[in-house]
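Single-structure report; data block below.
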Number of protein chains: 2
Amino acid sequence: MTAGAPRRMRLGMLIGSVGNHQGAWRRPGSRVEEITSLDLYTDLARWAEAAKLDALFIADGLTLETSRIKAGPFGHLEPITLLSALAGRTERIGFIGSISTTFTEPYNLARQMASLDHISGGRAAWNIVTSAWGEVNFGGRPLPSHAERYARAEEFVEVVTKLWDSWSDDAIVADRAGGTYARPEQVQRIDHVGPHFHVEGPLNVPRSPQGRPVLVQAGSSPDGKAFAARHAEVVFTAQQTPEDSRDFYRDLKARVAAAGRDPEKVLILPGVSPIVAPTETEARALAKELRELINVEIGLERLQKQLGGVDLSGLDLDGTIPPEILPPVETVQGRQSRYGVFKELAVTEGYSIRRLIEMEVSSSGHWVPVGAPEQIADLLTERFTGGGSDGFVLLPSYLPEGVRLLTDAVVPILRDRGLFRRDYEGATLRENLGLDRPSVRR
Amino acid sequence: MTAGAPRRMRLGMLIGSVGNHQGAWRRPGSRVEEITSLDLYTDLARWAEAAKLDALFIADGLTLETSRIKAGPFGHLEPITLLSALAGRTERIGFIGSISTTFTEPYNLARQMASLDHISGGRAAWNIVTSAWGEVNFGGRPLPSHAERYARAEEFVEVVTKLWDSWSDDAIVADRAGGTYARPEQVQRIDHVGPHFHVEGPLNVPRSPQGRPVLVQAGSSPDGKAFAARHAEVVFTAQQTPEDSRDFYRDLKARVAAAGRDPEKVLILPGVSPIVAPTETEARALAKELRELINVEIGLERLQKQLGGVDLSGLDLDGTIPPEILPPVETVQGRQSRYGVFKELAVTEGYSIRRLIEMEVSSSGHWVPVGAPEQIADLLTERFTGGGSDGFVLLPSYLPEGVRLLTDAVVPILRDRGLFRRDYEGATLRENLGLDRPSVRR
């Protein structure tokens, strides 16, 4: 950042099914019939790119619960395939794909991500997830504990980084006359031997435009924050209130500094799922309409899963959860930090079960401001300038119009305030995010 | 096929680096500088599509030998990412991606292939490979034996097929008013428990346009042929002579029938890497030019590896290989059938080491006819009508012009003879190949 230049927001957009709200698919014009069609996602990517957003973000999961698909789409295109296809149909927007370190192999992941970075001309990012669910489809053994998954993730990232660094930037010479394509001494084995992985290397993909795809991380548990402090360049997180946002922001930036890294090179982007309409009255009506489209029974199942498997059957939906049935945060093995958010709202804030269900199915625990574009822009500005974020990951409540209201109504206000770019600064995602291109480390 | 309609060739095109000949990158105009650029492959895919070829085929490997990259590109884009990107830039051509059953997980593969099938509107095919190399990057344990790899592949394909069948074709109802997105009873767990895999399912991707992506297989060893007879819908193979082609064709079709399947629904496509130029004289000159671009030292390394690791150092390159140093075919654990091809040429036909090197680096043992377009078309016609194939996988010797000579000079002759289509018959790869869309089997 140039000294004196205004600090600018980074904005990503997370696409889940046809909207992040469970009832979104039921709205007219939801294009739910196109949920596996590339053309739908191409439209979304191009709208986001026209608005100069930094990146499109695809969440992921490795299971499907058949009970849930009655209430709405839950089963979608795999991130690497979808993002690769979108890379061929866009020019500048970045792509963040979620891929598990628990249920993949580092050599396969390093190749696919490096290939996506080549195909997109330097627009790839990997959201490193350790997977809270998935073991039933990968061997049937119990899910490794939270700590074990993070230990594997730590070594996984080490191997992937070494593989991305196994080719020097200038390894390829392509000397036709002399017959030398690449200099073998510039392409080195990594000979990694660790508790989880033995990988000899080198990668069989040349070094990619960004050197390494951008590393994104979304876990906010103590293990997750420690991991982020060491590795993440973008942190996706969920905080409901300005205070929680500021606390998280300060804490993580301090951890980054303590890990010997530059806090300005780690961007903290909380999720936000605005319910926005041309006027506040319309936005409130929309929120009500979406609430009425919720399948409460399936929502209760999701909430119970979110709360570590606690049994809420028989309880009054309009009452609160008895605190004693909620386990301590540190004992929960999956989505631990998100559990903490819900537990706090249930216990400290006294949210009813119904309200918690609404939170879960509308935004999976992300912040859901309701209002006209100007009001949403005010709230985002306040949180950004108040030290709570470096920008946001926008989670459109519903598709496709929900995207247009963000890109065409909210973002232009932020731009007019000098808080968001008028055009992309560079060709690669790193350049647009203001992140350095890593040099080869051996 | 309509009764009385002429039998038509199926034609695929395999893309490897910037040509299948080791020296191809050294030719002027080879676009070797674009080897990781989507635009190069987009051009190739669009040319192949304009010629109405059935499919683009991407071979793959899971290692990189640094010694080899001096002599030419050997490290390329990963198939799933590249094909997904090309799917977004083409309309009708099919895509065959090679993915290993030894070094991936069936749930991940089933998702990526089903997603590619959705993204491409039904143009995905999986070339099932068991990987002769790769163990050094996946745990460092010795490569499982040929038989063990095929046993895993057998169960792998079973799991993947079950996952693709886990959603009924009509599972999604998208009833907005009633609030039912999909019928849970139409999406079933597979509950697979076997020696290699425990996979509960269902897949978290809805059933894809082709029902199942097309299954392709390229192993021609006894294990490979037995596997193909049970599962393959397209068989990619390598035979040098018309006699070998006919023998392989008859043998495999008989095995398919013995396995209770319709031999007409298993297409046998030998590879062919023509060296083609406007006149025979120019083609011979081109063959000589390519020969002179070979790095013999690296070629010898590749040949030794192809021959099961035999040591040829110290032997006269213009002499033959002493037969006693070549191990029996059935003891070779990787690329067994291709080894058989080379051994026969070395022992029975008395090929010199230099000629075997030329074969290895020009086409990896595939048939390499040399001539003008009419001559090449004659040779392909003869092998096709003579009972040696259902079509071919074209391996262009060099890119990009080598592709144009095939698509714009050779293919039109085949078309004029009524042996190849004037336009695509259908929207999906299955429709174009004349293969049935599988129904859900549970």
Side-chain angles (χ1 to χ4, degrees), chain A residues 25-26 32-33 36-38 61-64 66-67 69-73 75-78 80-82 84-89 103-105 107-108 111-112 115-116 118-119 136-140 174 176 179-182 184 187-189 193 197-206 293 295, chain B residues 25-26 32-33 36-38 61-64 66-67 69-73 75-78 80-82 84-89 103-105 107-108 111-112 115-116 118-119 136-140 174 176 179-182 184 187-189 193 197-206 293 295:
Chain A
W25 70 273
R26 299 180 61 186
V32 67
E33 293 78 7
T36 52
S37 144
L38 180 57
L62 294 171
T63 57
L64 179 134
T66 52
S67 64
I69 63 163
K70 183 175 186 306
H76 39 70
L77 298 173
E78 185 277 337
I80 285 283
T81 42
L82 177 57
S84 298
L86 292 175
R89 290 187 163 193
F103 300 117
T104 59
E105 286 280 340
Y107 201 83
N108 291 334
R111 285 185 82 201
Q112 292 199 321
S115 295
L116 178 60
H118 280 294
I119 285 166
V136 294
N137 293 322
F138 293 86
R176 287 180 170 79
T180 298
Y181 173 69
V187 182
Q188 293 194 1
R189 286 164 51 166
V193 176
F197 305 108
H198 285 220
V199 180
E200 184 179 280
L203 194 63
N204 57 358
V205 181
L293 293 175
N295 181 322
Chain B
W25 70 273
R26 299 180 64 185
V32 67
E33 293 78 7
T36 53
S37 145
L38 180 57
L62 295 171
T63 58
L64 178 133
T66 53
S67 63
I69 63 163
K70 183 174 186 308
H76 38 68
L77 299 172
E78 185 278 334
I80 284 283
T81 42
L82 176 57
S84 299
L86 293 175
R89 291 186 162 192
F103 300 117
T104 60
E105 285 280 343
Y107 200 83
N108 291 333
R111 284 186 81 201
Q112 292 199 322
S115 295
L116 177 60
H118 280 295
I119 285 166
V136 294
N137 293 321
F138 294 85
R176 287 178 171 79
T180 297
Y181 173 68
V187 183
Q188 292 194 2
R189 286 164 50 167
V193 176
F197 305 109
H198 285 219
V199 180
E200 183 179 281
L203 195 63
N204 58 358
V205 180
L293 293 174
N295 181 321

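Letters A, B, ... mirror the listed sequences (proteins, then strands); counts begin at 1.
Of the residues considered (B:Leu38, B:Leu293, B:Thr180), B:Thr180 shows the highest number of contacts with chain A, using heavy-atom pairs under 4.5 Å. Each of B:Ser67, B:Ala87, B:Gly179 has some count of heavy-atom pairs under 4.5 Å with chain A, and the biggest count is that of B:Gly179. Ranked by non-hydrogen atom pairs under 4.5 Å with chain A, the options B:Gln188, B:Arg89, B:His118 are led by B:His118. Of the residues considered (A:Ile119, A:Leu116, A:Val187, A:Ile80), A:Ile119 shows the highest number of contacts with chain B, using heavy-atom pairs under 4.5 Å. Considering only heavy-atom pairs separated by less than 4.5 Å from chain B, the leading option among A:Arg176, A:His198, A:Arg111, A:Arg189 is A:Arg176.
No donor-acceptor pair under 3.5 Å is formed between the side chain of A:Thr81 and the backbone N or O of B:Ser115. Between the side chain of A:Asn137 and the main chain of B:Gly201, a donor-acceptor pair closer than 3.5 Å is present.
In this structure, the portion of B:Glu105 lying under 4.5 Å from any heavy atom of chain A is its side chain and not its backbone. Contacts between A:Ala174 and chain B at a heavy-atom distance below 4.5 Å involve backbone atoms as well as side-chain atoms. No part of B:Phe197 comes within reach of chain A, as not one of its non-hydrogen atoms sits under 4.5 angstrom from that chain.
Here the shortest heavy-atom pairing between B:Ser84 and A:Ser84 reads CB-CB, 3.7 Å. The two atoms that bring A:Pro184 and B:Lys70 nearest to each other are CG-CB, 3.7 Å, heavy atoms only. Closest approach of A:Tyr181 and B:Val32 over heavy atoms only: CE1-CG2, 3.5 Å. The heavy-atom pair separating B:Tyr107 from A:Thr63 by the smallest distance is OH-CA, 4.0 Å.
The shortest side-chain heavy-atom distance between A:Leu62 and B:Asn108 falls under the 4.5 Å cut-off. Put simply, the side chain of B:Pro202 reaches to within 4.5 Å of the side chain of A:Thr66, judged on heavy atoms.
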